[in-house]
Amino acid sequence: MTEHKEDTGEKKSLNFIEAMVEEDLRTGKDSGRVHTRFPPEPNGYLHIGHAKAICLDFGVAAKYGGKCNLRFDDTNPTKEDVEYVDSIKADINWLGFDWEDREYFASDYFGKLYDFATELIKKDLAYVDDQSSEEIASQKGTPTEAGTHSPFRNRTVEENLDLFQRMNTGEFPEGTRVLRAKIDMASPNMHMRDPVIYRILFHPHHRTGDTWKVYPMYDFAHGQSDFFEGVTHSLCTLEFEVHRPLYDWLVEHLMSDDYRPRQTEFNRLNLSYTVLSKRVLLDLVKEGHVKGWDDPRMPTLTGLRRRGYTPESIRNFNDSIGYTKVMAQNDVGLLEFAVREDLNKKAPRVMAVLNPLKLIITNYPEDRTEEMETINNPEDESMGSRTVPFSREIYIEKEDFMEDPPRKFFRLGPGREVRLKSAYIIKCEDYKKGEDGEIMEVYCTYDEATRSGGPEANRKVKGTLHWVSAPHAIEAEIRLYDRLFSDPEPAGHKDKSPVDFLNRDSLKVITGYVEPSLESAKSLDQFQFQRLGYFNVDPDTTPEKLVFNRTVTLRDNWSKRN
RNA sequence: UGACCCGUGGUGUAACUGGCAACACAUCUGAUUUUGGUUCAGAAGAGUCCAGGUUCGAGCCCUGGCGGGUCAACCA
């Protein structure tokens, strides 16, 4: 029962949430309905950690023929803004999920929630407390010591009703009164010690304006919202585990029928070399360590998109790390693997030289240009082919030539032969050195018979180099990104801030040469620069200047060994 | 010195009602390759936190430890 057959015929085991859903389905819970929700607070940008939740919420619904709502958890007007609801929607769509017409806001339920709070008061299960937050906190006790009762705990129902109503008219200043659920100040669960469920806030709400002066707390809004929407499986991260008794308590005391939404917690995403705390991310932006929320080094979805990550790669990544209750440390390497795997199938191959070294083919006519046919993607024949111009003077990578190469260097060196991708085999005859010892130019001869498709095209040489014709090349700005942090766990140090572990070399901007076919490349188009990595066109690109971002390098067994 | 959750190769996951610990990434070979990419073949790597118990048999069940995490916001 906890295994099923995929379309491929391969067995894939279920995660504990899927197993639970299948069990619910089997026992006929909620008449076989599966309904989830993704409940972001519109107070910031979505990041890869949210993507994990999105994939689960929408994924489980889709897998079992259910529905997933998008619900903005907007119960704190001081932190929220429409700007964020728009970006959140765009990011979810980009990831490939659709909530159809089920777009909800917790603020849609303010009226109902207020009525429920009134009900609670009438049942003598809630009271208005006139104390400050400090006083309330001091009475809360500690995890090992019971709390003490508020002096206002035994107000009459009438007085509570009157006060709560007046709290909402703006009669009392912020912070002077709250509504608390009357549960158990001695509960071992701190969340059950008469939790605050309503507070006074004068800040206008991004949707309800200043209709309300009291706003429900998360705990008072979430379970009820789930209930109103018919959510069956309310999936959230592990730190809400201790909230579950309160979630259940509220639902139990307020709802009349049999249906109950059920909260289940799974592990949050932790990624090595990255930070997913909203606060730290905000600091990175504010302190200028990155250029904005969409900086390609950011783990935000907007940043990852700009970096060249595909929605498929992010979904596959999430699929591969799974959902459990274990505090996990995921390796960014797995995310990088996921993009490479996806882009390998999709990205057209092109040639670009990032660190140019001029190479002159001395026996090639000066006035000659040939159009060399080359395949766009060896992984996908349907992507066809194109031509690249070849001429006497080309650029190769500086790293592809060595004056005194080591034994297993399959590239160019004095007297060595190498193939130029889609062109000729050339032989290095000479080279010019600058005063500082740097190689300035390399001189080669070519063998006409070895032209791709020619009579000796199949002659084997040790290496194949990418290149770009010097007179035809287009200059482009290339932004080489690396991990933002140099420490595997930047947020894991007690006395140090993640900022202390910023990788100084997380961005290197260089000017490179790309093949002329790239002239028409559009913003966010993705390519494989052969032998270098995957790159995409940055939105900063203008008709005058192409800008590329390096998404990720290719897997590289050579430099790893050296 | 509380409540709750968790503990399987380097990392992440798997192992149906107990039955030879599997997969992916990473690592290392070798083959193929006009990308030192891809692909293919293979290797190494844990005996499941510890100690007891139940059982013919325990990663799965029980007990007790140990270790990690969460919780004391008028945040979500």
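The model shown is predicted, which means the values in this text are computed figures rather than measured ones. All chains are named by letter (A, B, ...) in the order of the sequence lines, taking the proteins before the strands, and each is independently numbered beginning at 1.
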**Q** Using a 4.0 Å heavy-atom cut-off across all strands, classify A:His222 as base, sugar-phosphate, or nothing.
**A**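 Result for A:His222 = nothing.
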**Q** Establish whether the base of B:A73 is bridged to the side chain of A:His191 by a donor-acceptor pair shorter than 3.5 Å.
**A** no
**Q** Base, sugar-phosphate, or nothing for A:Thr75, non-hydrogen atoms under 4.0 angstrom?
**A** sugar-phosphate
**Q** With sugar-phosphate meaning primed atoms plus P, OP1 and OP2, does A:Gln131 contact a base, only sugar-phosphate, or nothing at under 4.0 Å between heavy atoms?
**A** base
**Q** Which part of the nucleic acid, if any, lies within contact of A:Phe409, taking any heavy atom under 4.0 Å across all strands shown: a base, the sugar-phosphate backbone alone, or nothing?
**A** base
**Q** Mind checking if A:Lys408 touches a base, just sugar-phosphate, or nothing, with heavy atoms under 4.0 Å?
**A**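 Base: the residue A:Lys408, judged by heavy atoms under 4.0 Å, touches a nucleobase.
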**Q** So what does A:Lys140 touch, heavy atoms closer than 4.0 Å: a base, only the sugar-phosphate, or nothing?
**A** sugar-phosphate
**Q** Whole-Å distance between B:C25 P and A:Phe337 CZ?
**A** 4 Å
**Q** Does the structure show a Watson-Crick or G-U wobble partner for B:C23, both distances under 3.5 Å? Name it, or say none.
**A** B:G12
**Q** Please determine, for B:U33, whether a Watson-Crick or G-U wobble partner exists with both distances under 3.5 Å, and give it or none.
**A** none
**Q** Donor-acceptor pair under 3.5 Å: do we get one between A:Gln329's side chain and the base of B:G10?
**A** no
**Q** Rounding to a whole Å, what distance do you find between A:Asn377:CG and B:U35:P?
**A** 13 Å
**Q** Rounded to whole angstrom units, what separation is found between the CZ atom of A:Arg550 and the C1' atom of B:G37?
**A**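 For the pair A:Arg550 CZ and B:G37 C1', the rounded distance is 15 Å.
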**Q** Looking at every strand, decide which applies to A:Tyr198 at a 4.0 Å heavy-atom threshold: base, sugar-phosphate, or nothing.
**A** nothing
**Q** Does A:Arg411 contact B:G36 through a side-chain donor or acceptor facing the base, at a distance under 3.5 Å?
**A** yes
**Q** Mind checking A:Arg340 for me? I need base, sugar-phosphate or nothing, with any heavy atom below 4.0 Å counting as a touch.
**A**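 Nothing: the residue A:Arg340, judged by heavy atoms under 4.0 Å, touches no strand.
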**Q** Mapping A:Tyr534 and A:Asn43 onto RNA chain B by nearest heavy atom, which one lands closer to the 5' end?
**A**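 So the residue in question is A:Tyr534.
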**Q** Can you tell me how far C1' of B:G69 sits from CD of A:Glu265, to the nearest Å?
**A** 14 Å
**Q** Check if the side chain of A:Arg531 and the base of B:U35 share a donor-acceptor pair of N or O atoms closer than 3.5 Å.
**A** no
**Q** At 4.0 Å (heavy atoms only), tell me whether A:Pro378 reaches a base, stays on the sugar-phosphate, or touches nothing.
**A**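 Base, at least one base atom sits under 4.0 Å.
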**Q** Touch check for A:Phe410, heavy atoms < 4.0 angstrom, all strands: base, sugar-phosphate only, or nothing?
**A**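 Touches a base.
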**Q** Kindly point out which of B:G12, B:U34, B:A73 is positioned nearest to the side chain of A:Ala457?
**A** B:U34
**Q** Examine distances only and state if a side-chain atom of A:Lys182 and a backbone atom of A:Leu120 form a donor-acceptor pair shorter than 3.5 Å.
**A**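 Judged by distance alone, no pair lies under 3.5 Å.
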